[in-house]
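Structure first, then comments.
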Amino acid sequence: MSKIKILPEILSNKIAAGEVVERPASVVKELVENSLDADSSRIMIEVEKGGRSLIRVSDNGIGMNRDDALLAPERYATSKIHKDEDLFAIHTLGFRGEALPSIAAVSKFRLVTRNETSHAGTEIIVEGGTLKKVSEIGAPQGTMVTVQQLFFNTPARRKFLKTVITEMGHIADAVSSTALGWPGVHFRLTHNNRPVKNWPASDDPVDRIIDVLGRDIKDDLLRIESSGDGLSVAGWLTSPRVSRSTSRGIYVYVNGRYVRDRVIQHALLEGYHGRLVRGQYPMAVLFIRVPFDQVDVNVHPTKHQVRFARQKKVHDTVAGVVRDRLVFSNPPGWTLKKTPELGLSGEQPGVAETTPRFRTPEQPTLSQHPATEDRYPEPLFKGDHGFAPAGSQTALWSKKKFSDLRVIGQFHDTYILCESVDGLILIDQHAAHERIYFERLKKRPFNSRTTAQKLLIPETFDLGYREGKILEKLIPDLNQLGLEIQPFGGDTFVVKSVPTLLKDRAIKPLVMEMVEKMAQIGFAPGLEKAVDACLILMACHGAIRANQRLSDKEIKGLLEQLDRCDHPSNCPHGRPTWIRWRFKDLEKLFKRIV
Ligand code: ADP
Ligand code: MG
């Protein structure tokens, strides 16, 4: 008897579901794509319990007649391709004919649909891949798919579902990324019967970009457009002033399909080369159009990846368009070298405009010279063992020492040069100030009356669904730290007061970075690690920056404050606050000694 058997259809559908239906958000994505393929102008997405108990997508598209409706949940049933050649010229979002059967295999599935020519609608119920009911039903033109109890018959998958908020975050992301590419379609998303997003159709894609990515980037959007030789690249970029610490603000559409494509992302970043601080990403919405036969979308079941026939051409075109646009835009703010006299108290007007919002200190790099390379880090004073001085001995030695150094001056408005007994000390002013602020914030238990400053005009800002949910959880901790934020309905928040050291700083970038950090470290309220992460970010945003001129008095003040720190030798991120070129090494370099 043969060992090899053809799998029963229900089982093969379940296997396909493993690839196509990873989580509730994948169901939403597939159903919404079907609605778009059906020429809908309005798509409603209703979700309950993060998609665990219900996902319903209804549209006003072309709908189906009874025969098609019966075929739709069958494996490999598709109206979108018919013959071999079609597979190499795909112009719809779907084509594999496996979304509906996969979804229906792992849920309680109901399809109600009617097309223009049918008098009555058709209702089809499938449970765990088994057809349960087919009937006539009154229905408007269009299609409504209801998916209940997702993964009810695949407990292993169900176990992998994350919290409602996490799953809902993924759903909101899926809807956002699709909606950004289809501004002419009205999208509405509700969760547990409460509206989450409502994006009316608009002729102007910028309206949708603002709806989805936030109003505050409006003035920083740069339009790009280029076409020729069968390739068109159009869209919007943010000026380098607006950056993010992840690539999540980059949305790429190839022939209307949202894709996560490394080639295009690489090209985009190449276009920004030299304009963003390392580790920062721009935001961008890029629409790339190529002839359908020049892009293979059948690379992965989730259809999130594509392969271009002329990959290099696409890459170089995108990089070139982006680069050219940035050259012709106003010089990015952060390249301007403005040198206001700034106090160390946190009174730093205008800094947000002249420095990158997300600048983080870069590790001071020494010249490549071997004489110094291997000496890093060296103790600053006898007994101080470089960064992270742990022992009490070290603490003793480092006390009152920075202020004893003779200040030579400021180098590149970024490093403070000092003379020590045995060498030349470079202090990274940002890293040092960060350390000072961090310890100050950490030591002083926050009492909002003394250390927080009420804003005369409370500042509001919008976040995405996922970010908003994380921030809501973070609010009590932030309030403790003197950053008083309140929900203002939907994903809008209002800042009521800020710690004094953040006075006059842009708050949204700080909040965004905190939220991104929380998403990264898997946040639980009240957790010390999370609070510390917030303090580090506050210190970073509040601290004086690189490229900032300091007066002698301010330098003196900084050194004195550094002396009062428990761990003066490294910033809270762990980078050194100072390095030293030893006198002896300099002598060697000048060949005075061998
Ligand atoms: P695919 O989208 O790859 O063709 P699906 O399993 O997602 O496969 O859908 C199967 C077929 O069902 C589609 O080809 C389409 O003809 C029909 N269909 C699915 N959803 C809709 C909808 N919302 N409106 C009209 N037809 C639909
Ligand atoms: Mg489909």
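Just follow the structure's listing: the first ligand is 1, and inside any ligand the first atom is 1. When a residue number appears, it is its place in the shown sequence, counting from 1.
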In the protein, what heavy atom is nearest to [atom], and what distance, to one decimal place, separates them?
atom                    : value
atom 15 (C) of ligand 1 : Ser79 OG, 3.4 Å
atom 4 (O) of ligand 1  : Thr78 OG1, 2.5 Å
atom 6 (O) of ligand 1  : Leu100 N, 2.9 Å
atom 2 (O) of ligand 1  : Lys80 NZ, 2.7 Å
atom 12 (O) of ligand 1 : Ala72 CB, 3.4 Å
atom 25 (C) of ligand 1 : Ala38 CB, 3.5 Å
atom 17 (C) of ligand 1 : Met64 SD, 3.6 Å
atom 7 (O) of ligand 1  : Asn34 ND2, 2.8 Å

Show which atoms of ligand 1 fall inside a sub-4.0 Å distance from at least one heavy-atom site of [X].
X      : result
Pro101 : 6 (O)
Thr143 : 22 (C), 23 (N), 24 (N), 25 (C)
Arg96  : 3 (O)
Phe95  : 1 (P), 3 (O)

Rounded to the nearest 0.5 Å, what separates atom CG in Asn65 from atom NE2 in His119?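 Going from CG on Asn65 over to NE2 on His119, the span is 12.0 Å.
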
Rounded to the nearest 0.5 Å, how far apart are OG1 of Thr178 and CG of Leu31?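 Here the rounded value is 11.0 Å.
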
Cation over ring face, Lys197 and Tyr465, 6.0 Å, 45°: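 Lys197 over Tyr465 ring: no.
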
Close approach of Gly61 to ligand 1, heavy atoms, under 4.0 angstrom: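 Judged by the 4.0 Å heavy-atom criterion, Gly61 does not count as contacting ligand 1.
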
For Pro73 and ligand 1, answer yes if some heavy atom of the residue is under 4.0 Å from a ligand atom, otherwise no.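 No, that is not the case, since the closest heavy atom of the residue is not under 4.0 Å from the ligand.
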
Option nearest atom 23 (N) of ligand 1 (shortest heavy-atom distance, choices Ile103, Asn115, Asp59):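 Minimum heavy-atom distance to atom 23 (N) of ligand 1 goes to Asp59.
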
Could you walk me through whether Tyr253 and Tyr258 satisfy the ring-ring contact (aromatic ring centres under 6.0 Å, His included) test, starting with their C-alpha distance in whole Å, then the side-chain angles of each, then the deciding distance to 0.1 Å, before giving a yes or no? CA-CA 4 Å; Tyr253 300 83; Tyr258 169 66; 5.7 Å; yes

May I ask you to check whether His266 and Asp261 show a side-chain donor-acceptor distance below 3.5 Å?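 Note: His266 and Asp261 side chains miss the donor-acceptor criterion.
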
Any donor-acceptor N or O pair under 3.5 Å, side chains Thr143, Thr113: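 Yes - a donor-acceptor pair under 3.5 Å links their side chains.
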
Using a strict 4.0 Å threshold on nitrogen-to-oxygen distance, state whether Glu467 and Lys469 make a salt bridge.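 No, this pair does not count.
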
Is it the side chain (CB and beyond), the backbone, both or neither of Ala77 that lies under 4.0 Å from ligand 1, heavy atoms counted?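 The answer is the backbone of Ala77.
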
Taking the six-membered ring for Trp and the full ring for Phe, Tyr or His, determine whether the centres of Phe308 and His315 are under 6.0 Å apart.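 No, ring centres 6.0 Å or more apart.
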
Is there a side-chain hydrogen bond (donor to acceptor under 3.5 Å, both in side chains) between Ser245 and Glu513? Walk through the geometry before answering. CA-CA 7 Å; Ser245 56; Glu513 224 178 318; 5.1 Å; no

Could you go through the salt bridge (Lys or Arg N to Asp or Glu O under 4.0 Å) check for Lys508 and Asp462 one step at a time? CA-CA 9 Å; Lys508 183 175 172 189; Asp462 298 323; over 6 Å; no

Distance-only N or O hit between ligand 1 and Gly94, under 3.5 Å: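 No, since none of the N or O atoms of Gly94 sits under 3.5 Å from an N or O of ligand 1.
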
For Phe287 and Trp236, take the angle between the two ring planes, folded into 0 to 90°, and tell me which bin it lands in: parallel under 30, tilted 30 to 60, perpendicular over 60.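 Because their plane-to-plane angle is over 60°, the rings of Phe287 and Trp236 count as perpendicular.
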
N, O or S atom of Thr78 closer to the Mg ion (ligand 2) than 2.8 Å: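 Of the N, O and S atoms in Thr78, none lies under 2.8 Å from the Mg ion (ligand 2), which means no.
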
